[in-house]
Amino acid sequence: KQERGRMWETEDLNEHKDSEKKHKEKEKTKHKDGSSEKHKDKHKDRDKEKRKEEKVRASGDAKIKKEKENGFSSPPRIKDEPEDDGYFAPPKEDIKPLKRPREEDDADYKPKKIKTEDLKKEKKRKLEEEEVSKETVALGGLEERYPEGIKWKFLEHKGPVFAPPYEPLPENVKFYYDGKVMKLSPKAEEVATFFAKMLDHEYTTKEIFRKNFFKDWRKEMTNEEKNIITNLSKCDFTQMSQYFKAQSEARKQMSKEEKLKIKEENEKLLKEYGFCIMDNHRERIANFKIEPPGLFRGRGNHPKMGMLKRRIMPEDIIINCSKDAKVPSPPTGHKWKEVRHDNKVTWLVSWTENIQGSIKYIMLNPSSRIKGEKDWQKYETARRLKKCVDKIRNQYREDWKSKEMKVRQRAVALYFIDKLALRAGNEKEEGETADTVGCCSLRVEHINLHPELDGQEYVVEFDFLGKDSIRYYNKVPVEKRVFKNLQLFMENKQPEDDLFDRLNTGILNKHLQDLMEGLTAKVFRTYNASITLQQQLKELTAPDENIPAKILSYNRANRAVAILCNHQRAPPKTFEKSMMNLQSKIDAKKEQLADARRDLKSAKADAKVLKDAKTKKVVESKKKAVQRLEEQLMKLEVQATDREENKQIALGTSKLNYLDPRITVAWCKKWGVPIEKIYNKTQREKFAWAIDMADEDYEF
DNA sequence: ACGCAGACTTGGAAAAATATTT
DNA sequence: AAATATTTTTCCAAGTCTGCGT
């Protein structure tokens, strides 16, 4: 595939003059540093001109409108708020989706608070759907307290914490070039240490990584060094590497006091820089420490791996806070790049990173009001989808028959997104990132069609790298019409051509927006994940089982979602061993149990003969012992099962980002499972709104 | 419509903190 | 108390999607 880009490069350049053809092309030929220029579009469409598109617009259902208005809901109007409790949980009616806002209700927005609200909100929920279709609005006015897009009124913080300055290596730690000791200049040395620290990592064996590193490293060298050091393979970083290993070893061996001291320092830092004030609440900041310099590690086959991520200085930093707040002071002798007061965004600090040129931010912790509210809204949007998903499904099935190619492609893509929980698949700049795809960016080479496979008809075999270069491999029976459409889409195309050549995420999302306000491709993932959890919990929870078994059921339900979303992980390095340990524990327990049973039996025999109170008591206690052991054994077995099934599945992402926490809270309440068994402290903080809001009857 | 910057969510790995064994 | 195993937190890359300027 790498030749893919290169190969078409020239052709593309002079090729798209046909303006009309391609939709997607993105030919941006920007040569950044002159080196990389290969982006190119997939020269997909070369043949299909058609472009006839018409207006589709199903028109049918009326529609939602898209006016904009203040969609934001109710930021807690502070003052009146009784302290903590009501933080989120704006009454349902206020909620409304933010993005494509809606109108009316703003007026209403009343900060009534919380709990009591829940009930009402429940009802509202049902009502609410309907109105969506009203038209309207004007948007012009609405000066609300938090008019359109305003995220806060007051914001004050202490600015970021910078990475500690570079500490030169001790004299006795040598670097060798071509077998000879060489003293590096401080800058060159610093960059060398980045490489040395990664020596054990597979990265450093990769050609691209080495090449990128070496190129950037040379930029930091003095002329003299540059003249000498011309071949990375002749560089010997082993002393440096060993030194760092020793350091980390030493760190582990530190005395109690030393460790405590460090801990206290960290706490102090956290206390001072880890919080901000946003609208009368003290909120935890997620990442108040600036990323230290180092070597960029991309994931998968990233063309930029190994490049130097430069040190961020105050002069790179943009501070965002309210006008009436105290502006954080830059480190002495430095100044900020800029101080701005933009309350339409939620970040406190930003800077531009040098590898991709993208902006990085310091934002609030998930436990904050601003994040929690947004999260809650996300699930409300998914619940709205629940109400119209049948209709949408019927519609895309109809669209499989459309005369318009574009509509068919859209319908098939949406079917995949819905059925398989694929990501939208934005297009990416070639050469800037690893070659990964999502639904809309699938290429012909990523699927195989089998009219018949393993006794099933119309099977589509997917095999592609998705986000983070995680492989998606799946064989899925699809409806005949879908299958036929895919054949059609693939006609006359090369493997590297786009499967959906007349579709991209913009087109798809625009269409979704017409189907339901606030609907985008990713809402399907949220919806399908949450609804799956709910269904699976219902199906798997056995009322009579004990708590550990219930938790296993929960984990299995969670796992079903993770599998749906393709959340995979590398099996833990110690997996096999840990499995064996567990097994031997189980065996040991079994033996204990056998012994205990034997004891019990003989005690019973004794009792039969003697019949005195004392032996009876012995029997009782033996019985208890057996029971206890049985329980322990079962707990271990459950644990083993759980672990085994989880070998390559990562549950974290779905738990944190896709599953409506209220489903979990309700389940815990219903079955008497302590919430702590499912959510740890951090998770409970993040989901405080849900813990507070949902009762056992909650339904997604 | 497009191209792009910007803002914010989602993601697994690695590091750090804890818990459990030895 | 040291060694290990497990869980939690941190880290920061990689997506999605919006909105703006053209």
Side-chain angles (χ1 to χ4, degrees), chain A residues 19-20 22-28 30 53 68 98-100 149 151 201 248 251-253 256 259 262-263 266 286-292 294 296-300 302 304-305 309 318 320 342 344-347 350 352-353 355-361 363-366 370-371 374-375 378 423-429 432-434 436-441 466-470 504-510 512-513 518-523 525-526 562 565-570 572-575 577-578 581-582 585 639 643 648-654 656-658 680-683:
Chain A
S19 42
E20 50 187 278
K22 30 281 266 62
H23 302 207
K24 332 192 111 226
E25 358 258 335
K26 51 282 249 49
E27 49 260 283
K28 44 261 307 20
K30 54 221 307 73
E53 323 302 46
K68 52 213 346 67
L98 5 64
K99 280 85 185 307
R100 245 78 231 241
K151 306 290 171 58
H201 205 291
S248 81
R251 218 170 307 129
K252 276 196 281 201
Q253 301 304 326
K256 273 238 170 73
K259 283 184 177 165
I262 292 190
K263 198 171 173 187
N266 285 149
N287 55 324
F288 59 93
K289 292 181 187 160
I290 298 276
E291 297 171 18
F296 176 80
R297 305 144 91 123
R299 302 190 193 135
H302 197 117
K304 298 192 171 187
M305 64 170 82
K309 220 167 69 148
I318 299 175
N320 193 32
D342 182 357
K344 303 267 217 306
V345 298
T346 67
W347 53 267
S350 76
T352 300
E353 153 272 341
I355 303 290
Q356 323 266 4
S358 62
I359 306 171
K360 299 250 185 172
Y361 305 93
M363 291 185 189
L364 299 192
N365 197 73
I370 202 142
K371 294 291 187 189
K374 192 89 185 289
D375 203 35
K378 172 180 75 186
R423 295 186 185 82
N426 285 314
E427 46 261 78
K428 313 165 60 182
E429 262 182 74
E432 300 292 299
T433 61
T436 61
V437 299
C439 188
C440 294
S441 50
K467 184 179 180 183
D468 294 322
S469 292
I470 301 249
N504 61 35
T505 54
I507 294 170
L508 178 63
N509 280 335
K510 202 158 300 163
L512 293 176
Q513 194 60 233
L519 186 61
T520 60
K522 87 185 187 76
V523 178
R525 285 194 114 205
T526 310
C565 293
N566 198 226
H567 291 144
Q568 301 186 253
R569 63 168 179 177
K573 287 193 177 38
T574 57
F575 187 84
K577 185 147 68 96
S578 122
N581 288 163
L582 195 49
K585 266 190 189 172
Q639 208 185 338
R643 191 176 301 182
Q648 310 197 67
I649 309 293
L651 299 185
T653 297
S654 49
L656 242 40
N657 301 302
Y658 288 103
N680 67 28
K681 181 153 86 67
T682 310
Q683 293 165 161

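Order of the sequence lines fixes the chain letters, A, B, ..., with proteins taken first and strands second; residue numbering starts at 1 for each chain.
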With a 4.0 Å cut-off on heavy atoms, is K681(A) in touch with a base, just the backbone sugar-phosphate, or nothing at all? nothing
OP1 or OP2 of dG15(C) less than 4.0 angstrom from a side-chain nitrogen or oxygen of N426(A), does that happen here? no
Whole-Å distance, Q356(A) CD to dA14(C) P, equals 6 Å
Do N581(A) and K585(A) have side chains that get closer than 4.5 Å, going by heavy atoms? no
Nearest-Å distance, NZ (K304(A)) to P (dA13(C))? 12 Å
What I'd like to find out is whether the side chain of N566(A) reaches to under 4.5 Å of the side chain of Q568(A), using heavy atoms alone. yes
In whole angstrom, give the distance that lies between atom CZ of F296(A) and atom P of dC12(C). 12 Å
Once you apply a heavy-atom cut-off of 4.0 Å, does G466(A) come out as touching a base, just sugar-phosphate, or nothing? sugar-phosphate
At 4.0 Å (heavy atoms only), tell me whether N581(A) reaches a base, stays on the sugar-phosphate, or touches nothing. sugar-phosphate
Main-chain N/O of I290(A) paired to K360(A) side chain as donor or acceptor, under 3.5 Å: no
Taking side chain as C-beta onward, heavy atoms only, is Q683(A) less than 4.5 Å from L656(A)? yes
Contact check, side chains of K304(A) and E432(A), non-hydrogen atoms, under 4.5 Å: yes
Can you tell me if K309(A) touches the phosphate of dA13(C), counting only side-chain N or O atoms and a distance under 4.0 Å to OP1 or OP2? yes
Looking at K428(A), does any N or O in its side chain come under 4.0 Å of the phosphate oxygens OP1/OP2 on dG15(C)? yes
With B for base contact, S for sugar-phosphate-only contact and - for none (protein heavy atoms under 4.0 Å), nucleotides 8-19 of chain B reads BSBBSSS-----
Provide, to the nearest angstrom, the distance between the NZ atom belonging to K259(A) and the C1' atom belonging to dA2(C). 11 Å
Decide yes or no for R525(A) and C565(A): does some side-chain heavy atom of the first lie under 4.5 Å from some side-chain heavy atom of the second? yes
Contacts of Q253(A) and Q683(A) projected onto DNA chain C by closest heavy atom; the upstream (5') one is Q253(A)
So which one's nearest nucleotide on DNA chain C is more toward 5', T436(A) or A286(A)? A286(A)
Can you measure K252(A) atom NZ to dA1(C) atom C1' for me and round it to whole angstrom units? 16 Å
Over how many whole Å does the gap from D342(A) atom CG to dA5(B) atom P extend? 18 Å
Categorize G506(A) for me: base, sugar-phosphate, or nothing, with a 4.0 angstrom heavy-atom threshold over every strand shown. nothing
Expressed as a whole number of angstroms, how long is the span from E427(A):CD to dG3(B):P? 9 Å
Report yes if the side chains of E291(A) and E353(A) come closer than 4.5 Å at any heavy-atom pair, otherwise no. no
F575(A) CZ to dT7(C) P: how many Å, rounded? 12 Å
